[in-house]
Structure formats: structure tokens, C-alpha cells
Amino acid sequence: ESNGEIKARGALIVLEGLDRSGKTSQSARLLSYLNSLGYPVESWRFPDRDTAVGKMISSYLTNQSQLDDHTIHLLFSANRWEKRSLMEAKLKSGISLIVDRYSYSGVAFSSAKGLDIEWCKAPEVGLLAPDLVMYLNIPPEKAAERGGYGGERYEQLEFQKNVAKYYEMLTDPSWKIINACLPLEDVEKQMKEIVLDCVVSCKKGKPLS
Ligand code: DGP
Ligand code: NA
Ligand code: NA
């Protein structure tokens with residue numbers, strides 16, 4: 001069916017969820033799973049704290065600096081934009097990316113502060129569209145019980161409850177909702193199958209958008 005111009009490419013797989021929902025552990029597991037099957041894959045995360053913008057974000061999250069809510073929102077978005085061309089190059093070269101947080105975190109966390117949701121979405125327009133969004137669903141109370149939060153700015157139960165409401169608003173029928181309350185291995189099992197389907201269908205030449 002492919003017209004021959006569409007080259008096999010990697011899949012853009014996004015993991016979303018509240019803090020302590022298990023995204024980071026699952027990213028690592030999915031990375032080794034796809035690797036073991038011979039698929040070229042990398043694990044990414046946003047914010048990427050290694051760039052100049054990322055360092056400003058990190059300083060804000062650890063309460064070493066204060067920034068206006070709009071300003072930090074745009075910095076998070078800029079942090080995704082600065083990685084866009086590399087992301088596109090990787091996908092086009094056939095490498096799949098498992099990305100821990102993306103635009104949905106951007107919108108959910110800033111809207112939860114009271115910023116207008118449409119305003120929050122605007123700077124995300126034009127970033128690459130994920131092939132798959134997996135939402136690790138966990139009640140905020142349950143996430144908070146998991147070995148406690150790390151003490152960063154947003155890691156507070158009341159705020160996370162608000163973030164959960166905005167994630168719910170953003171949820172699209174195409175999202176895969178993962179029951180993140182289950183034991184790690186069961187969560188992994190649910191996700192592996194979904195991820196493999198996605199990687200295979202992108203390899204068949206689904207165009208990038
Ligand atoms: P993490 O490194 O995944 O723990 O993320 C750091 C914190 O920043 C976490 O509480 C979620 C939040 N966050 C991630 N991306 C964004 C974003 O784009 N905008 C805002 N406002 N917060 C974000
Ligand atoms: Na965090
Ligand atoms: Na995380």
C-alpha cells in the first residue's frame with residue numbers, strides 16, 4: 001500500500017501521568033523490551049534539564065528561582081521546541097522514541113495553576129504529533145503514598161489533584177489508559193503489547209505529522 005516515498009520510520013511514543021505514576025520506570029522497561037527485539041529506540045524525557053533552557057526549568061522546579069507562570073510555561077514549551085529537529089531526524093532515521101512527558105504535561109500543569117487552557121495549548125502547536133499516548137492512570141492520593149514526593153515545586157497532593165482534572169479534560173479517545181495502580185510487572189505487560197503494535201505500524205510507513 002505504501003507509495004514508496006514513505007520510508008520506514010520510528011514511532012513517537014509518549015508517556016503521561018501524574019508525578020509518581022511510574023512513567024520513568026516504565027520508560028526504562030519499554031526501552032529494554034524494544035531493544036531486545038532489535039528495534040532501534042531511545043528513551044527521552046521532558047523537561048530535558050541538560051540544555052540552557054532546561055537548567056532554568058530545573059532551577060524553577062527546585063525552588064531556586066521564581067518565575068511568572070506564563071514565563072515558565074513558555075520555557076517548558078521552548079524546551080520541547082529546541083529538541084524538535086533532532087526528534088524529527090531520529091524518527092526519520094528509523095529510531096523510535098519513548099518520551100517521558102510531552103505537550104500534555106505542559107498544558108495540564110500550567111492550566112492547573114489557573115492559566116487559560118487555550119493559551120497553554122498555543123505554543124505546542126507545530127510540535128511533532130505522537131503516534132501513541134499512554135496515560136498512566138493513578139489516583140493522586142495513591143501516587144502520593146508511593147515513597148513520597150521528591151520535594152519539587154509541583155509535588156503536592158492538592159496540586160496533583162488539580163493536574164489530574166486537566167489531564168482528564170485533555171484525554172482523547174486515541175489515548176491508551178493504563179491502570180498504573182497495578183504491580184510494576186503488570187503495568188509493563190499492558191504497555192509492551194501496545195507499544196509493539198505502534199512500532200510495527202510506524203515501520204510499515206505511517207507518515208510523520
Ligand atoms: P519530571 O522530571 O517528569 O518529574 O517533571 C518535573 C515536573 O515538572 C513535574 O512535576 C511535571 C512538571 N512538568 C513537566 N512538563 C511540564 C510542562 O511542560 N509545564 C509545566 N508547567 N510543568 C511541567
Ligand atoms: Na517529578
Ligand atoms: Na517522572
Side-chain angles (χ1 to χ4, degrees), residues 12-31 42-84 87 97-130 133-171 178 180 187:
L12 178 53
I13 297 162
V14 168
L15 273 56
E16 286 284 358
L18 298 177
D19 286 284
R20 309 293 293 156
S21 57
K23 296 181 308 308
T24 306
S25 317
Q26 294 301 335
S27 292
R29 284 163 181 247
L30 293 172
L31 177 77
E42 290 181 13
S43 157
W44 283 29
R45 70 179 309 151
F46 289 110
D48 175 343
R49 303 190 192 208
D50 293 334
T51 70
V53 172
K55 286 185 171 74
M56 293 177 72
I57 294 170
S58 184
S59 148
Y60 172 81
L61 288 172
T62 55
N63 294 302
Q64 290 168 292
S65 68
Q66 309 304 323
L67 286 169
D68 166 75
D69 289 340
H70 300 81
T71 308
I72 186 64
H73 180 78
L74 295 172
L75 289 178
F76 273 110
S77 184
N79 187 234
R80 287 182 280 276
W81 274 102
E82 65 184 338
K83 305 296 283 196
R84 188 194 183 283
M87 186 178 251
L97 303 177
I98 298 167
V99 183
D100 184 344
R101 298 192 182 283
Y102 199 52
S103 299
Y104 314 99
S105 285
V107 177
F109 279 77
S110 290
S111 300
K113 295 172 168 178
L115 299 190
D116 178 73
I117 191 163
E118 294 308 322
W119 186 88
C120 290
K121 285 177 183 175
E124 305 299 319
V125 175
L127 290 174
L128 297 174
V133 178
M134 287 185 290
Y135 182 72
L136 277 75
N137 195 28
I138 186 168
E141 294 80 3
K142 212 152 180 204
E145 285 166 12
R146 289 190 163 174
Y149 291 129
E152 288 202 333
R153 187 182 287 266
Y154 297 142
E155 296 177 341
Q156 291 172 24
L157 180 56
E158 286 313 306
F159 186 69
Q160 297 280 325
K161 283 186 188 169
N162 220 9
V163 173
K165 280 188 214 153
Y166 281 94
Y167 266 130
E168 209 170 301
M169 267 184 243
L170 292 173
T171 303
I178 307 297
V187 177

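Computed from a predicted model, the values in this text were never measured in an experiment. Every number for a ligand or one of its atoms is a count from 1 in the order of the listing.
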Any N or O on Glu155 sitting closer than 3.5 Å to an N or O of ligand 1? no
Using a 4.0 Å cutoff against the non-hydrogen atoms of Arg49, which atoms of ligand 1 qualify? 2 (O), 6 (C)
May I ask you to list the atoms of ligand 1 that are less than 4.0 angstrom from any heavy atom of Gly106? 17 (C), 18 (O), 19 (N)
Any carboxylate oxygen within less than 4.0 angstrom of a Lys/Arg side-chain nitrogen, looking at Glu158 and Lys161? yes
Of the side chain and backbone of Arg153, name the one, both, or neither that has a heavy atom under 4.0 Å from an atom of ligand 1. neither
Is Asp19 paired with Arg101 through a side-chain N to carboxylate O contact shorter than 4.0 Å? yes
Counting heavy atoms only, which part of Pro47 comes closer than 4.0 Å to ligand 1: side chain, backbone, both or neither? side chain
Distance in Å, Lys142 NZ paired with Ser21 OG, rounded so as to fall on 0.5 Å steps: 13.0 Å
For Arg45, atoms of ligand 1 separated by under 4.0 Å from a heavy atom: 1 (P), 2 (O), 3 (O)
Mind telling me whether Tyr104 and Tyr102 have parallel, tilted or perpendicular rings, with 30° and 60° as the class edges? tilted
With a heavy-atom distance limit of 4.0 Å, tell me whether Leu61 approaches ligand 1 through its side chain, its backbone, both, or neither. side chain
Arg80 N/O to ligand 1 N/O under 3.5 Å: yes
Looking only at non-hydrogen atoms, which of Phe76, Tyr149, Tyr102, Phe46 approaches atom 17 (C) of ligand 1 most closely? Phe76
Report the distance from atom CG of Asn162 to atom CG of Leu18, rounding to the nearest 0.5 Å. 11.0 Å
What class does the angle between the rings of Phe109 and Tyr167 fall in, given that below 30° is parallel, 30 to 60° is tilted and above 60° is perpendicular? perpendicular
Could Glu152 and Arg49 be called an ion pair, given the rule that one side-chain N must be under 4.0 Å from one carboxylate O? yes
Min N/O separation Lys113 to ligand 1 under 3.5 Å: no
Counting from 1 in the order shown, the ligand 1 atoms closer than 4.0 Å to a non-hydrogen atom of Asp19 are 4 (O), 9 (C), 10 (O)
Rounding to 0.5 Å, atoms NZ (Lys83) and OG1 (Thr51) come to a distance of 7.0 Å
Should Arg101 be listed as contacting ligand 1, given a heavy-atom distance under 4.0 Å as the test? yes
Any idea which atoms of ligand 1 are less than 4.0 Å away from a heavy-atom of Ser110? 21 (N)
Check for me whether Lys23 has a heavy atom closer than 4.0 Å to any atom of ligand 1. no
Does atom CE of Met56 have more than 12 heavy-atom neighbours, drawn from other residues, nucleotides or ligands, at distances under 6.0 Å? no
